[in-house]
Each structure stands twice: as structure tokens, then as C-alpha cells.
There are 2 protein chains.
Amino acid sequence: MTNIKDVAKMAGVSVTTVSRVLNNHPYVSEAKRKAVIHAIRMTNYQKNINAVHLIKGKTNLIGVVLPYFDHPYFSLVLKGITNQAIKKNYKIVLFQTDYREEREIEALQMLKQKQIDALIICSRATDLSIIEDHLQFGPIVLCEDIKSRKFSTTFVNHYTVFHKALAFLHEKGHRKIGYCIGRTSGTNSHMRELAYREFHEKYHLPYRPEYIIDQCIYFGDGEKVIEKLTTMMDPPTALLVTSDQVAAGIVISCQKRKISIPDDLAIIGFNNEPIAEMMNITTIEIPLMEMGKNLFLQAIDEEISSKEIIVKLIERGTV
Amino acid sequence: MTNIKDVAKMAGVSVTTVSRVLNNHPYVSEAKRKAVIHAIRMTNYQKNINAVHLIKGKTNLIGVVLPYFDHPYFSLVLKGITNQAIKKNYKIVLFQTDYREEREIEALQMLKQKQIDALIICSRATDLSIIEDHLQFGPIVLCEDIKSRKFSTTFVNHYTVFHKALAFLHEKGHRKIGYCIGRTSGTNSHMRELAYREFHEKYHLPYRPEYIIDQCIYFGDGEKVIEKLTTMMDPPTALLVTSDQVAAGIVISCQKRKISIPDDLAIIGFNNEPIAEMMNITTIEIPLMEMGKNLFLQAIDEEISSKEIIVKLIERGTV
DNA sequence: AATTGACATGAAACCCATTTCATAACGTAA
DNA sequence: TTACGTTATGAAATGGGTTTCATGTCAATT
């Protein structure tokens, strides 16, 4: 492989001059510029970008931490991130974690080692304090509503959203409402649970833990939800389902079992994933690509900022 | 930021010794090893990985080129790749191209600049010859059945598969068969078209170009397909649909319009995406995660190899 | 004629870890 | 006693760029 030295020798100039040509710096005579360009052409020379990274202390690489991306929620956020990254000439390094702490640590490690300039954590299992310890090595952006002023964040206020969705169902006459969620840990899940508890207190409804169904992530989990419901003595009449993909699974499972939606069971999905429109599922639209865009911009921004993403209920046929 | 020199000074040894400790090389006395480890602890020292990359000429980064990843086909291949990458301690750099040539070139550029050790191209728009020009800079792995012995490839023989699927429908009595595809360009699409043409010649059936429906990628495109079919004087009685997600969209669209499946329209989907099982769609299963795994292993392998992935028809309710 | 500033150029320092090579001490086999 | 292998250590070269600094030329101002 030819390096800058070879090019300089061939063009009969110093490496400095070659570097100037390479980076469009001024103060190079036209004759030498041409000689350098010619030498670059002849040798098919290309910078070793690692040398540039070393001296600049910057790689134009942004890390993205997420548990899995074969899910519309994360793949749409990721799409928002990458679309923006392309515009700003950054590349994305993917950390698929399955919520395994050691993988999240690996990502933090790469920030510490300067292999990535910043880190976007879409969802995490690791303790916030550990993440905070790595802030000294570069910006870390989070996707949740935390009070720390040390992180930039882009988030949905899931507490308020859940409250509103529950109130909406209450107004429609539902008194037995459950919800399906991906996992019970994590800030967003906690906010939702809090809203759910408070809703039951406010309306003096009995709080039933069995109405909270965990591990609802993929399409096929909808089937499991309905199986669970059919074993209940007193099943809920409405469900909040934190992914439309699961909601769609529920709808299809109900069709098979002749459970009528919304009469026997009302459904509110989340995210307004493409499948929701297709299957006429009432949903809470979260502009995920916009979230991704904002996350990326915060990652490359020096300033620390917080942005709440506003969601809206789209009424369709499942309530 | 502390560097190896600072650590060496603090520990009272040379940088060589620190490097030896860091990399578990032999010939370091226990006393000095302890001193070094202590200094590392005190300073919270971490290698600048870019310096390592520079001297090693290797980054443990693999590039993955794909048009979009919010699609089960690509997200499952990608998942197979990342799962394997984690095991081998590599990281993935994502190039989402939307089939834009300049973005594919960017990925090739990064290979040339040594920012990535190898490149996996899941699907491409760029001419093969341009890609071939970059082989000198590192391994490039393709996901298509090309005859060049210069690339490693993992592929499905779409020609044979299409033939078999068409024969299957023919046996079931179908004489008017169409197909839905993501795009008409690309090796895989060409192979399929060839099989489709030959099928029609073999059975002396009229070849109707309007039975080939392009741009079928997402769930919602199923709706468009059915709209198109309803405008036809003589619509096909069966469709091969190269993604189950689109097939699912077609099924739902048919439900709305009271088109009976498989009586009015038979469907064979592709990939056996999760939705296919849920919706009881007859499909051709492609082990996408396994493909991803193999692609990755080829990317880090010195040897050039080719592997055909074997698919199988899963009979369900749409034929 | 003297000063100033714009343009041009290259040597050398710098970023930071790895690795080769030279050197030395010590123990063991011939 | 000599020769050789093993262990231990660090100086210096290496990977390949960018940037600072010193120096020089030439034209425009004072």
C-alpha cells in the first residue's frame, strides 16, 4: 500500500504539501497541486483513515445501543438515526445487546477507547451510574425521561401517555383494563406502571397484577397474550399493547378464536407501526424516525439538551 | 487523557513493559507487572484503540451494506451477522443505502481506507466491476449466486426455487401465475425472471409482463398489489410474493375485499417471516439468520468460499 | 529604501500503541 | 570453563497521517 510519503516522493514535494492538497488547504502552487494529484492517480493512493483518527482523536463513528433491531420500534428509531447520520457524514456502529449488560459495557468501552465519538442508548439494562461514569469520554444520549442534566435525552412521557390512554378507555366504559409490555424493568416501563397504578387508585378500581402481561415483543407474542386471557376467570375487556406488532398478533389470534374486537376486547396499540394502519388498529402514534433524527443530532451536539416527543392517539377500529 | 507513556512513567518502567502487561506477553517480572497494573488502576488508563488500529492495520470492524433494515428479510440477515460478530469480537458498521450507488461506494471507500476489515454486501445497485476493483483492499462477501471466484458468496438459488414454486402451483391447477418482487434489477431478481420466463415456455403458457408486480417491499404494498389485480381484465389466480410481509398485506387486503384465499387467489410467500406462521401463509422458508451467520464467517475468513443455502416449502393455508 | 503582508514550502513534532532489536543477568548442559 | 538457552528490560523504529513552526519569495505600502 502506498502512503503519503510515497506520493510526496513521486510528486517531488513534501508530505506537508500532499496533505494540503488532500485536505484542500490553501497555499499550494498550481504546478505542485497537479503533480500531487497525478501521483495520487498513478498510485491509487488512499489515506489510511486510522492515522487520521489517531491524530484527530475523532472517528466520525457513532455507536447505537439497542436490544434488537428486528422490531419496528427499534428499526424505525435506527432508521431515523442512520438517515441523519448519512447527511452529516457519520457512520453507525451497531450494538445489539439483547439487554445483556456486558454488551452495553462493551459499547461504553468503545467510547472510552475513542473508537466512537458518541453513544446513543435506545434502551438499556445497565445501571445509570455506570453509564454516567463514562460521560467523561464522550456524549451519551438516552431515550428516556431521566432528570439528570448530564445526558441529552429524547423521550416520550410515557407516564402521561398511559394516563391518557387509560382515561380514554375508561370513558368508553372499560373498567377492566390490562396492558402488555416488552419488559417490566427500565424507566419507560416504570413510568407506565406508575400511571397504571395511579389510574386504578383514582377511579377506585381493583389493581390486578395478572392484567400486566410481560415479554410482549414480537408478533407471535400476541397469540400468547390471548392464550393467557382465555385462562382467566375474569379477563380484561381492554388492553394497552405497547407495540402494534403485538397488537396485530392479538387481533389475528382473536379472529381465529372468534373473539370480537372491539366488542369482546378493545385494543390500543403503540407506535403506529405500518401494520397498524393496515389492520385498522387504534394506536398511539410515536414519531420514531423523528426521535431517531433528534437522538443523532444530540449525539453530535456539544450542548446537552432534552426533548420531549409528542405523541397522538389515532382512532381506528379496535376500540 | 493518560497514555501509555504516563503509565510507564508512573510505574517506573518502559512503555514496552506496559505494553507487555496490557497484551499478556511473557517476560515481565511479577513486581513490575503489579506496578503497571496499579498505575493503570490509578490513572483509569485506557488504550487509544485508534493507535492500535493504525499499527495493526486492522479494526475489528465489518461493514454491512443493505438497502434498508426495517424489513424482516434484511433485519434477520443482519441479526445473523451481528450474533456471530459478537461471538468473534467484531463490531458492525451499518451502511443503509436505499440502493443509492454513492452510498455503496462510500462503504467500498471505507474498506480502501482500512476503517473496516471486510465488507458484506447483502444487496447492491453498483456494478460488479466496481466492487471487484476494491477486492484488493479487503474481503468482500456477496449474497448472490455469481460465478466469479474472487468473492465469497452465500446465496439462495432463486432460479431453482422459483421453478419449483411455479411447478407446485402448476400442479395445483394454476395456469395464470404472477409474482411480486422488490425490484426488477439485481442478480436474484434476474434469476427469478429467467425461471418465470422458462416456466411459461415449458408449459406453453402466455407470458404476461403485467403479472410481474414491482416495488413490493413493505406490508402496505400488499394493498397496492390487490388494487392492481382488481383493475385487470384477466387477473392471475396465484401469486409468488417474494416477502411474507407483503404476502400478509395481500391476505389482509383480500379479507377486506372478500376475495377468498386460496380459492380466488393462491399465495406463496417467501422467507417464512414470523408473520407467515401467524397468518398461516404458505411460504418458502429461507434460513436468513443462518445466511447472516455464514456471511459473517466468510467475511473474516482468508479463504474464498461459496455456499448455497437450501430452502424449503412450508405448506400452509394460502395455496 | 524599508517595512509589511500574502503566498509557498518543507522539516519536524505530534498522536499512541506495538514490535523488533540489542543488551544483560542467570542457570544449566557439555 | 565455556557455550547456550531462558528470562527480563528498554531504546528505538514503526504505522501514517496532520499541524506547527521556521524560512523564503515576491509584491504592495509607507
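Chain identifiers are assigned alphabetically (A, B, ...) following the order of the sequence lines, protein sequences preceding nucleic acid strands; residue numbering begins at 1 within each chain.
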(message) Over all strands shown, is A:T16 touching base, sugar-phosphate only, or nothing at heavy-atom distances under 4.0 angstrom?
(response)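 If one applies the 4.0 Å heavy-atom cut-off, A:T16 turns out to touch a base.
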
(request) Just grab all the ring pair (Phe, Tyr, Trp, His ring centres under 6.0 Å) pairs involving residues 8-32 of chain A, residues at least two apart or on different chains. (result) none

Distance only, no hydrogens: is a donor on one side chain within 3.5 Å (strictly under) of an acceptor on the other, for [X] and [Y]?
X	Y	result
B:S75	A:D70	no
A:N60	A:K88	no
A:T59	A:Q115	no
A:Q298	A:S305	yes
A:E144	A:T153	no

(request) Would you please test A:K307 and A:E290 for salt bridge (charged side-chain N to carboxylate O under 4.0 Å, His left out) and show each step? (result) CA-CA 11 Å; A:K307 179 168 181 183; A:E290 188 196 322; 3.8 Å; yes

(request) Please name all residues satisfying ring pair (Phe, Tyr, Trp, His ring centres under 6.0 Å) with A:Y218, sequence neighbours left out, ordered by chain then number. (result)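 Ring pair (Phe, Tyr, Trp, His ring centres under 6.0 Å) check on A:Y218 returns A:Y68.
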
(request) Would you please name every residue forming a ring pair (Phe, Tyr, Trp, His ring centres under 6.0 Å) with B:F296, sequence neighbours left out? (result) B:Y90

Mind checking the [atom1]-[atom2] spacing from [X] to [Y]? Nearest 0.5 Å is all I need.
X	Y	atom1	atom2	answer
B:K147	B:L128	NZ	CG	12.5 Å
B:E30	B:R33	CD	CZ	6.0 Å
B:I140	B:I120	CD1	CD1	11.5 Å
A:I81	B:L94	CD1	CG	10.5 Å
A:S306	A:I146	OG	CD1	7.5 Å

(request) Indicate whether OP1 or OP2 belonging to D:dA8 is found under 4.0 Å from a side-chain N or O atom of B:Y27. (result) no

(request) Mark yes or no for whether A:Q96, through its side chain, and A:F69, through its backbone, hold a donor-acceptor pair below 3.5 Å. (result)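 Looks like no, no N/O pair under 3.5 Å.
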
(request) Residues of residues 29-38 of chain B with any non-hydrogen atom less than 4.0 angstrom from an atom of DNA chain D: list those, numerically ordered, please. (result) B:S29, B:K32

(request) Pull out every residue in residues 2-13 of chain A that has a heavy atom closer than 4.0 Å to any atom of DNA chain D, ordered by number, or say none. (result)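 A:N3, A:I4, in order of number.
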
(message) I want to check something: taking the side chain as every heavy atom from C-beta on, are A:Q46 and B:F137 in contact at a cut-off of under 4.5 Å?
(response) no

Only distances under 3.5 Å count here; give the side-chain donor-acceptor pairs of residues 1-10 of chain B to other protein atoms, sequence neighbours excluded, each with its distance to 0.1 Å.
unit_1	atom_1	unit_2	atom_2	d
B:N3	OD1	B:K5	N	3.1
B:N3	OD1	B:D6	N	3.0
B:D6	OD2	B:N3	N	3.0

(message) Angle between the two end axes of the helix from C:dA1-D:dT30 to C:dA30-D:dT1, five base pairs per end, rounded to 10 degrees?
(response) 50°

(message) Does anything in residues 42-60 of chain A come within less than 4.0 Å of DNA chain C? Heavy atoms only, and list the residues if so.
(response) A:L54, A:I55

(message) Can you list, in residue-number order, the parts of residues 18-26 of chain A that come under 4.0 Å of DNA chain C, counting heavy atoms only?
(response)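 Correct list: A:R20.
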
(message) Does the structure place the NZ or CZ of B:R124 under 6.0 Å from the centre of the six-membered ring of B:Y99, at an angle of no more than 45° from the ring's axis?
(response) no

(message) So, using salt bridge (Lys or Arg N to Asp or Glu O under 4.0 Å) as the criterion, who are the partners of B:K47 when residues are at least two apart?
(response) none

Identify all pairs in which a protein N or O lies below 3.5 Å from an N or O of nucleotides 22-25 of chain D, and state each distance.
none

(message) Taking any atom closer than 4.0 angstrom to a non-hydrogen atom of chain B, what span of DNA chain C does the protein reach, first nucleotide to last?
(response)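 In short, chain B contacts DNA chain C from C:dC16 to C:dT20.
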
(message) Please find the pair of heavy atoms, one from A:K114 and one from A:G57, that lie closest to each other, and give the distance.
(response)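 Heavy-atom minimum between the residues: NZ-O, 4.3 Å.
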
